[in-house]
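One structure below.
In what follows, chains carry the letters A, B, and so on, assigned in the order in which the sequence lines appear, proteins first and then strands, with residues in each chain numbered from 1. Just so it is clear, the structure is predicted and the values come from calculations on it, not from any experiment.
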There are 2 protein chains.
Amino acid sequence: MAHPRFSRLAPERQQAILDVAAEEFAEHGFDGASYNRIIERAGISKGSAYYYFEGKDDLYATVLETTLTGLVDRVGTWTRPGDAADFWRQLRHAYFGMLDFVMSDERSARLIRGMAQARANPKLQEVWLRFEAPLSTWLGRVLADGRRVGAVRRDVPEDLLLVALTGMAQATDFWLLERWERQGANASRRSAEQVFALIQDLATERPTGKAPRAKKS
Amino acid sequence: MAHPRFSRLAPERQQAILDVAAEEFAEHGFDGASYNRIIERAGISKGSAYYYFEGKDDLYATVLETTLTGLVDRVGTWTRPGDAADFWRQLRHAYFGMLDFVMSDERSARLIRGMAQARANPKLQEVWLRFEAPLSTWLGRVLADGRRVGAVRRDVPEDLLLVALTGMAQATDFWLLERWERQGANASRRSAEQVFALIQDLATERPTGKAPRAKKS
DNA sequence: GCAGGATTAGACCACTGGTCTAACTACCGG
DNA sequence: CCGGTAGTTAGACCAGTGGTCTAATCCTGC
């Protein structure tokens, strides 16, 4: 979305600008962040700022883009699993990789967590969709693979399961963050294991083999 | 938080003001909403506005307060269940009551969904905590009751389960909303059943009786 | 009828994201 | 080496933001 002119800038200059912006957005969230302040701190003029980016939204999207690219590079590798064990191994790897990423780089973590704002913010729906869609697609493919090897339950609509899992992962991320801040990295590893166990639990079919129904008892 | 002066106003006047505010916040979210516009539409002057409320945050909190009160009145009743069946019946009632509330009153629904913004927004953390805390307490009590009658799993820390369930419920709410808009009330009832089944599924222990662990297969 | 507190009105402030024009720079043909 | 032109930058300016403050008005009790 950013004007191509921006990419023609010297890479270090680009980096510097995005750095300032990332800092601001991470600290204050999208709405709280001041475009003017970013401009000032980056040492560019308003004219230049609007020459490179279409506006605040655009800069925000660009910052998110680079951040998420970093995450995907680290975690996004996925090869079609041969069997259920392979599936879980890969999913586990991806999940803990993401946790590592999010716990080791606070700024990126805040940016990513801040995306939740974008979903609710009418002005940012475009941005939200742009980043949410590919993520859903990716996870959808992963789940489909999981079904193929018999690891993932079939008694629940695929898209519902996807949404449920994402929501749970996101919510528990905050829970983990709290744990992590209180107990440090090592102790919170156990908590992460518990969370992953829950994810696994939700994603697999109940051993009884019955579709989950609202039971009377 | 609102100044007591506000409650000394004629009830219809209060209602009118909160009505305008609710509309604005529901439509634009907290950050997008214009305090000035609310003031203007409510037909009061700036002086009065700041005489009644401490500021935008305060008005927002007041609006949320009355909205959530409506929800709690409708759904919040809970008596200690005698057995597991009773527990599920009550939980089911509460869940579907909440869904009804959220699906029948769009404005309130948007306000409540908008609360997700508050969580991420640094400026609104105070507001978020104020409303999140009692809700968590309530759900915590419910889960504890569920454990007591053997309906809710014990193999997962109580607070983790709480967070996971809330996150899932919230995420699936958006999913349901989509369904509801596309299929109408009746058809989406089935979807809601599926979601509740998932909730129930997540909250109960696996029949094998084993603690969920990261299985190798 | 008047004093004094409660209430209202609205000018004013620093700041917001965004627009626009004028100036400057760099390159390229003659 | 100059002149013109496209690419780039600077910053004044705009309407709108949430918030403050003072002066006027209202209302009540004496």
Set of residues satisfying side chain to side chain contact (heavy atoms under 4.5 Å, CB included) with respect to [X], sequence neighbours excluded:
X: Met115(A); result: Leu64(A), Leu68(A), Trp128(A), Phe131(A)
X: Glu178(A); result: Arg182(A)
X: Ala94(B); result: Val75(B), Trp138(B)
X: Arg113(A); result: Val102(A), Met103(A), Ala109(A), Asp173(A), Phe174(A), Leu177(A)

Tell me: [atom1] of [X] to [atom2] of [N], nearest whole Å?
X: Ile38(B); N: dG19(D); atom1: CD1; atom2: P; value: 11 Å
X: Asn36(B); N: dA15(D); atom1: CG; atom2: C1'; value: 12 Å
X: Phe53(A); N: dT8(D); atom1: CZ; atom2: C1'; value: 15 Å
X: Lys56(A); N: dT17(D); atom1: NZ; atom2: C1'; value: 12 Å

Show me the pairs that pass salt bridge (charged side-chain N to carboxylate O under 4.0 Å, His left out) and involve residues 15-31 of chain A, at least two apart or across chains.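 Those involving residues 15-31 of chain A are Asp19(A)-Arg107(A), Glu23(A)-Arg107(A), Glu24(A)-Arg37(A), Glu24(A)-Arg41(A).
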- Query: With Phe101(A), which residues qualify under ring pair (Phe, Tyr, Trp, His ring centres under 6.0 Å), at least two apart?
  - Reply: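 Residues passing ring pair (Phe, Tyr, Trp, His ring centres under 6.0 Å) with Phe101(A): none at all.
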- Message: Strictly below 4.0 Å, N to O, side chains only: are Arg130(A) and Glu126(A) in salt-bridge contact?
- Response: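 A salt bridge is absent here (no side-chain N lies under 4.0 Å from a carboxylate O).
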Could you tabulate the donor-acceptor pairs under 3.5 Å formed by side-chain atoms of residues 139-147 of chain B, not counting sequence neighbours?
| from | atom 1 | to | atom 2 | distance (Å) |
| --- | --- | --- | --- | --- |
| Asp145(B) | OD1 | Arg148(B) | NH1 | 2.5 |
| Asp145(B) | OD2 | Trp78(B) | NE1 | 2.9 |
| Arg147(B) | NE | Arg153(B) | O | 3.1 |
| Arg147(B) | NH2 | Arg153(B) | O | 3.4 |
| Arg147(B) | NH2 | Val156(B) | O | 2.6 |

**OP:** Give a yes-or-no answer on whether the side chains of Ser45(B) and Ser48(B) include a donor-acceptor pair shorter than 3.5 Å.
**Re:**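 Yes, because at least one side-chain N or O of Ser45(B) sits under 3.5 Å from a partner of the opposite role on Ser48(B).
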Hey, where on DNA chain C does chain A first and last touch, going 5' to 3'? Cut-off is any atom under 4.0 Å from a heavy atom.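 Listing 5' to 3', DNA chain C meets chain A from dT16(C) to dT19(C).
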| With nearest nucleotides of DNA chain C determined for Arg5(B) and Asp57(A) from heavy-atom distances, which residue corresponds to the more 5′ nucleotide? |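 The residue mapped nearer the 5' terminus is Arg5(B).
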| message | Below 4.0 angstrom, which residues in residues 39-52 of chain B have at least one non-hydrogen atom near DNA chain D? | response |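 Those residues whose heavy atoms fall under 4.0 Å from DNA chain D, taken from residues 39-52 of chain B in numerical order, are Lys46(B), Tyr50(B).
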Q | Nucleic acid contacts - residues 8-25 of chain A versus DNA chain C, non-hydrogen atoms under 4.0 Å | A |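 Contacts with DNA chain C under 4.0 Å: none.
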Contacts of Arg119(A) that satisfy side chain to side chain donor-acceptor pair (under 3.5 Å) - sequence neighbours left out =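 Here no residue qualifies.
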Distance-only donor-acceptor hits, side chain of residues 11-18 of chain B, under 3.5 Å, sequence neighbours excluded:
| from | atom 1 | to | atom 2 | distance (Å) |
| --- | --- | --- | --- | --- |
| Gln14(B) | NE2 | Phe6(B) | O | 3.3 |
| Gln14(B) | NE2 | Ser7(B) | O | 3.0 |
| Gln14(B) | NE2 | Leu9(B) | O | 2.9 |

